[in-house]
Amino acid sequence: MNSVRVQSEPFDPNREVDLLRADDPSIGAVVTFIGLMRDSNQGDKVDRLFLEHYPGMTEKALRQIVDEADARWELQHCRVVHRVGELMPSDPIVLVAVASRHRKEAFMACEFIIDYLKTKAPFWKRESTGDSERWVDARENDDRAVRRWQSKP
Amino acid sequence: MIQLLFFARFREELGVDAEQLEIEGLSCLGDLLVRLRERGDTWARLFAEDQRVMMAVNQEVADRQTPLREGDEVALFPPVTGG
């Protein structure tokens, strides 16, 4: 069973993983990625982060990315949770958790999902550095990471 | 009519989050970008040829060739930065 959630409330990554693998003894591997709010960016100290999104499209885009991973690899379950709204340093922003029978599929699918999420899902970060605020720019590295999956299925 | 939505930096710089627009003369998203550019100032700068603009029609990622139909929800936004 796959699950995708976008929420302003904090979440507990450990609890999400417990739920992902509950009552399924066929699972042999779980791989998780947890994205955290860093307290610095481009040499500046960041106090707070605000995450804007496009309600409706965000959930749809995340479901499509998970479906694509499901089609590429043999997976048991995927779970994606993403925060929106106000975040503080060390807060989990995103969790991608993938359960499969064997580790290889879970590793690949987890990386695939976060790479796609970063370039396709409509979220935008605005960071507060002291008394100023700025929108975070997209990174060229993230585009390259996605292109890798397109050339090598 | 089509429903236009703007997000993040675009919404902030344009000072508008949504508007209704007559679809007449707009057969695809490329036409829409030209129309918005003609408004000048911030519009011309944000939607200039060399700017990276992401677009969605009815909540699906789209490009300049994507056709427009009456009643469509069209969103314009800067490259995404989630995760």
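Every chain is numbered from 1 and lettered A, B, ... according to where its sequence line falls, protein lines coming before strand lines.
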> Taking the six-membered ring for Trp, are B:F77 and A:W124 parallel (under 30°), tilted (30 to 60°) or perpendicular (over 60°)?
Replying inline: perpendicular
> Quick one: what part of A:D137 sits under 4.5 Å from any heavy atom of chain B, side chain, backbone, both or neither?
Replying inline: backbone
> Side chain, backbone, both or neither: which part of A:K60 has a heavy atom under 4.5 Å from chain B?
Replying inline: side chain
> Between A:Y54 and A:F123, is the gap from one ring center to the other below 6.0 Å?
Replying inline: no
>> Does any backbone or side-chain atom of A:R83 lie under 4.5 Å from a heavy atom of chain B? Answer side chain, backbone, both or neither.
In response: neither
> Honestly, is A:R126 close enough over A:W135, meaning NZ or CZ under 6.0 Å from the six-membered ring centre and within 45° of the axis?
Replying inline: yes
> Are the side chain of B:T81 and the backbone N or O of A:K125 linked by a donor-acceptor pair below 3.5 Å?
Replying inline: yes
